[in-house]
Amino acid sequence: VVTVRSERMAEPSGTAVETASFESFVTEQYARLVALAGLIGGDVTAAEDIVQTALERAWRSRGSLRGDGTLRPWLDRIVAREAARDRRRRLTWLPRLLRPPTVAPLQPPADLVEDRDATRFPERAALRLVLDGLSAPQRAAIVLHLHAGYSVDETATILGVPRETVRSRLRVAREHLRRALAEGD
Amino acid sequence: MDHRSTDDRLDRLMARYLAERDAEIIRDARPAADVARRARPGLGATLAPAMPGVRSGRPLPLAMLLAALLAALAAGAAVVGGRIIESIADPLSGLVTEEVAPGVLRVINDDAGHELAALRVVEIAVGLDGAVWMNGHGGLFRLGEPGNTPGTTGRWRTELAVGTNGTVWSGDGYGLRSFDGERWVTHPLGIETWAIGPDESVWGAWPDENYWSRSQDGRKPPGFELARLEGDRWVGMDLTGWPDDLIGDASSPYGPGLSATADGSLWLFAADASERQVLMRYDGTTWAAVPTPIDPRWITDGPDGSWVLVDRNVGTHDGETWIARFADGTWSESRVQLPDATEYWSEDQVRPVVASDGAVWLRVNLPDSAGGRMHVFPEGCDGVARVVGSAWTHHLAGTCIWDMEPGRNGEVWVATWDGDMQRQEPGDVYLIRPDGSDS
């Protein structure tokens, strides 16, 4: 048994997020949240369902939010976690067996054949191959840091992992991409 | 090209690809306004009551109304303003109610003058003496007793609990209060996840990395902590030897869960880093993991001292729901088939309860009749299901639930969102009798 400083543990409740703020935020940010879910979950068709689920979770637990200033990272976190959870659900052992291996021969995905920017095809194919092959937690780190604009520390906080874990996930993604691009040259 | 510039180039490539994919996804997404309407009840909710007091949106058959009217008149009730009013006798004398469906009573007020809808009840607890305690925007009060508990008005998330010796507890981040039947004692150290354990010990749990619930001075709470209140301080447990990465999932908005059962056991619900549910039990001396036949969502008292577990994934698998009971040293499971695609909020704050007649009550979220798609507010709120064995009945259709609490005679108290579902704030309180059915 260890003693914990009592003042550190005492958490006064804050003001629940205002209804109008939540409503306004959802309206403004909905498309961005769907994109976030789609990028992390990897299944665009499921992205809207993921966001709806996340919004319900957020709404029900909004009493724990402290002020409007943290609304975006708070909601992004819920969406990110829900998207990761959805991806894990879909990628059970059977789909994993059927899924192409991460280090697959670099073949153009069918829907990229008509990519209008032919010069970017190998690069885009490599990016898609690499990012699709990442696990949900890895994708979440990449998307939040490189796309949503969160710092490494903020990403770590949002995902609830140590800062070094985020850095490690970034390194892994870079390494995969480096190899994929080298193979495509 | 040095290592850092290579990393920057790779990062830029990934960022550009993600931005392009983002644009593609947004292009295909539905208009925001359409979704905002689903996202909260205040926007475009159209489920208007079919008649005053009918919350389900389904008009009652005329014959049913006439029968209820005749029954009420025969029982000596009065008709006021077109509503059917009756006074319920023992054990809940003094309540003014209207029967909105067979067995489903909307409680309007009590003989102490509390207008329940106006008080916006969020939490309900039933004491060992049968007294009904309610908390909401109107403060904390006991049904039938005038006045509120001092210092409790307006708390939104104040939890209520009854200890094994009948002490009533109320608490939130502002503090904990206990009522021994004569006086209230205030404990200044607040917490949002707490439960009363063996010998009336108070336990609290803090989620790991729950960064948005940082205290108002900006300090982040520590990693997961389980602690017991001793005097004026929390004493944390040494969690050495507990499952690895326990509470990994508690970085979710919901954190760990604490529950107590009448035998004095204290239960901790958590998840490890793999999101596997872990159920820990404290018997007054030690904590130990309890193997369970189903993924536990919540544990509560069943009849005859048994424990009842409800599946974490109620209804998420084609409506299939599992309930497990522990009695005489063994678990037994029962399967309930809710409608296909029934969705139940696996981490819902509305906890399943077991009534004194053994029926299990769940908050449910039935499929939308238009296409079977799950919706959020308000369409996703669909009342409660009363489960007996493998059969179930549906009550308060279309109503969002804040809390449920079993009474002492098989009935269940239900605090709901505002009945017309144009607002998300708490509204009415219902009392559902065990023999009622509006399925």
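In what follows, chains carry the letters A, B, and so on, assigned in the order in which the sequence lines appear, proteins first and then strands, with residues in each chain numbered from 1. Not measured: the values here are computed from a predicted model. Computed from heavy atoms alone, side chains included, the values below leave out hydrogens, waters and symmetry copies.
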Atom CZ of A:Arg128 and atom CD of B:Glu20: how far apart are they, to the nearest 0.5 Å?
12.0 Å
Trace of the side-chain contact (heavy atoms from CB on, under 4.5 Å) decision for A:Leu127 with B:Leu18:
CA-CA 9 Å; A:Leu127 282 159; B:Leu18 291 170; over 6 Å; no
Can you name the closest pair of heavy atoms from A:His147 and B:Ala15 and give their distance?
ND1-O, 4.5 Å
Please classify the contact between A:Leu36 and chain B as side chain, backbone, both or neither, with a heavy-atom cut-off of under 4.5 Å.
neither
Only counting residues at least two apart or in another chain, list the ones meeting salt bridge (Lys or Arg N to Asp or Glu O under 4.0 Å) with B:Asp22.
none
Lys/Arg-Asp/Glu bridge criterion (N-O < 4.0 Å) met for B:Asp8, A:Arg174:
no
When rounded to the nearest 0.5 angstrom, what is the spacing between CG in B:Asp7 and CD in A:Glu175?
9.5 Å
Below 4.5 Å, heavy-atom pairs only: which of A:Leu170, A:Val143, A:Leu146 has the largest tally toward chain B?
A:Leu146
At a heavy-atom separation under 4.5 Å, does A:Leu39 approach chain B through its side chain, its backbone, both, or neither?
both
I'd like to check the ring pair (Phe, Tyr, Trp, His ring centres under 6.0 Å) partners of B:Trp203; sequence neighbours left out, ordered by chain and number.
B:Tyr282, B:Trp287
